[in-house]
There are 2 protein chains.
Amino acid sequence: MEDVRHVLQLITRRFGFLNKNCCSVGGTSVSLIQSHILYEIDRQHHPSMQQIAETLGMDITTFSRQIQSLIRKKLVKKTPSDLDRRVYILELTTEGKFVAAAIEQQIQDYLTQIFSHMNEFEKDTVIRSLKLLNACMEKTGVCCG
Amino acid sequence: MEDVRHVLQLITRRFGFLNKNCCSVGGTSVSLIQSHILYEIDRQHHPSMQQIAETLGMDITTFSRQIQSLIRKKLVKKTPSDLDRRVYILELTTEGKFVAAAIEQQIQDYLTQIFSHMNEFEKDTVIRSLKLLNACMEKTGVCCG
DNA sequence: GGATTTTATTTGCAAACTGCAAGTATGCGG
DNA sequence: CCGCATACTTGCAGTTTGCAAATAAAATCC
């Protein structure tokens with residue numbers, strides 16, 4: 001019971017390494033945070049700056065600069081919203097989508113490898129457990145203590 | 001199946017927030033990385049610099065400076081090894097132990113809260129699953145691709 | 001409608017973090 | 001002793017960070 005923290009620590013550390021390992025695609029390579037930003041822009045439908053910054057729990061000013069960097073790399077496009085000209089809508093460029101997809105693929109390959117050490121039942125149980133854990137973390141509202 | 005990455009992403013993100021929330025103890029507060037360093041020094045028995053740096057996957061030079069910072073804060077003590085005077089043995093000071101314990105307590109409280117949304121069976125299953133997942137990640141050797 | 005306040009984003013710092021290359025000091029194998 | 005490997009530190013230069021302050025565009029109040 002007491003080692004839950006430790007197991008979680010190990011899993012997050014390993015998953016962090018995994019993510020870090022998957023930040024290079026051919027010529028372009030991004031930082032870990034930038035990889036997460038690409039991922040979230042891809043997931044959320046035409047999000048604003050705030051939305052992504054909030055999702056990732058990062059300071060908006062830091063985020064603003066990260067986006068500038070990603071725009072310089074031509075991976076992200078920023079368009080002023082028609083509805084509210086204060087907000088900027090983010091989306092991935094074609095190259096950004098390509099990079100995000102390639103990263104996704106690498107990570108999926110890793111995950112497949114990891115789960116290959118389990119039988120179907122275990123795999124199913126683990127995935128179900130992760131979802132349950134995540135749901136309970138969400139209920140507890142850990143992020144905004 | 002395809003959303004495993006996403007669930008893991010969310011869990012690690014939330015656990016990261018949780019860790020970050022637990023970096024202040026009374027007067028002293030440490031950074032997230034420093035919290036992890038304290039944790040690992042506490043766990044491993046009189047480790048060397050290398051050992052902890054390796055465990056956390058961080059550059060030894062960066063680590064060296066983090067340790068300097070923690071020594072300045074009087075949370076860590078560094079003693080040259082008797083066996084090999086190139087090596088420095090790390091340990092927590094009394095205050096360091098206190099801080100580590102306080103952080104541990106806060107995190108445990110959060111975890112208790114999180115698991116309070118599950119019944120005994122679910123809790124057991126989840127913990128078992130995390131251990132299995134961690135073991136499979138270890139087998140895959142994700143960290144040193 | 002104009003003044004005031006709120007909201008979304010950007011810039012100016014100054015501090016912290018990062019990693020590579022080079023340095024110091026110790027150990028080891030001949 | 002000499003040369004090489006190892007453990008750690010330091011110099012530097014680039015990146016990241018977050019707070020405070022600026023801008024600019026809603027939204028609200030009168």
* Test: R5(A) cationic atom under 6.0 Å from Y39(B) six-membered ring centre, within 45° of axis -> yes
* Asked: dT16(D) C1' sits how many Å from I37(A) CD1, rounded?
  -> 12 Å
* **Length of the line joining L32(A):CG and dT17(D):P, which is rounded to integer Å** => 10 Å
* Got a donor-acceptor contact below 3.5 angstrom from the T93(B) side chain to the K74(B) backbone? -> yes
* Verify the neighbour count for atom NZ of K73(B): are there more than 12 heavy atoms of other residues, nucleotides or ligands below 6.0 Å? => yes
* Donor + acceptor pair across side chains of T12(A), T12(B) (<3.5 Å) -> no
* Measure the distance from CG on L90(A) to C1' on dA8(C) and round it to the nearest whole Å. => 12 Å
* Counting any heavy atom closer than 4.0 Å, what does S69(B) reach on the DNA or RNA strands: base, sugar-phosphate only, or nothing? -> nothing
* **Per Y88(B) side chain, nearest of listed nucleotides dT10(C), dC8(D), dA8(C)** => dC8(D)
* **Distance-only side-chain donor-acceptor flag, D109(A) / Q105(A), under 3.5 Å** => yes
* **Atom-to-atom span, CD1 of I71(B) to C1' of dC8(D) - whole angstrom** => 12 Å
* Joint cluster assignment, I37(A) & I89(A), ILVMFWY side-chain distance < 4.5 Å -> no
* Just to confirm, is there a sub-4.0 Å distance from OP1 or OP2 of dA16(C) to any side-chain nitrogen or oxygen of Q66(B)? -> no
* Asked: Should the pair R13(B)-E40(A) be classified as a salt bridge under the 4.0 Å nitrogen-to-oxygen rule?
  -> yes
* To do: Assess the side chains of H6(A) and R43(B): does a donor N or O sit below 3.5 Å from an acceptor N or O?
  => yes
What are the atom names and distances for every N/O pair under 3.5 Å that joins the protein to nucleotides 19-23 of chain C?
unit_1	atom_1	unit_2	atom_2	d
dG19(C)	OP2	T62(B)	OG1	3.2
dG19(C)	N7	T61(B)	OG1	3.4
dG19(C)	O6	R65(B)	NH2	2.7
dC20(C)	N4	T61(B)	OG1	3.2

* **Side-chain N,O (Q68(A)) to OP1/OP2 (dT9(C)) below 4.0 Å** => no
Tabulate protein N/O versus nucleotide N/O from nucleotides 27-30 of chain C, keeping only pairs under 3.5 Å, one per line.
unit_1	atom_1	unit_2	atom_2	d
dG27(C)	OP1	R85(B)	N	3.1

* **Interatomic distance, R72(A) CZ vs dT16(D) C1' [rounded to whole Å]** => 13 Å
* Asked: Nearest-Å distance, CE (M49(B)) to P (dT6(D))?
  -> 17 Å
* Asked: So, R128(B) and E122(A), do they make that salt bridge, N to O below 4.0 Å?
  -> no
* Which of these nucleotides, dT10(C), dT16(D), dT10(D), is closest to any side-chain atom of S64(A)? -> dT10(C)
* Whole-Å distance between dC17(C) C1' and I33(A) CD1? -> 11 Å
* Rounded interatomic separation in angstrom, taking CD1 from I67(B) and P from dA7(D) -> 16 Å
* Asked: Taking only side-chain nitrogens and oxygens of K78(B), does any of them come within less than 4.0 Å of OP1 or OP2 of dA7(D)?
  -> no
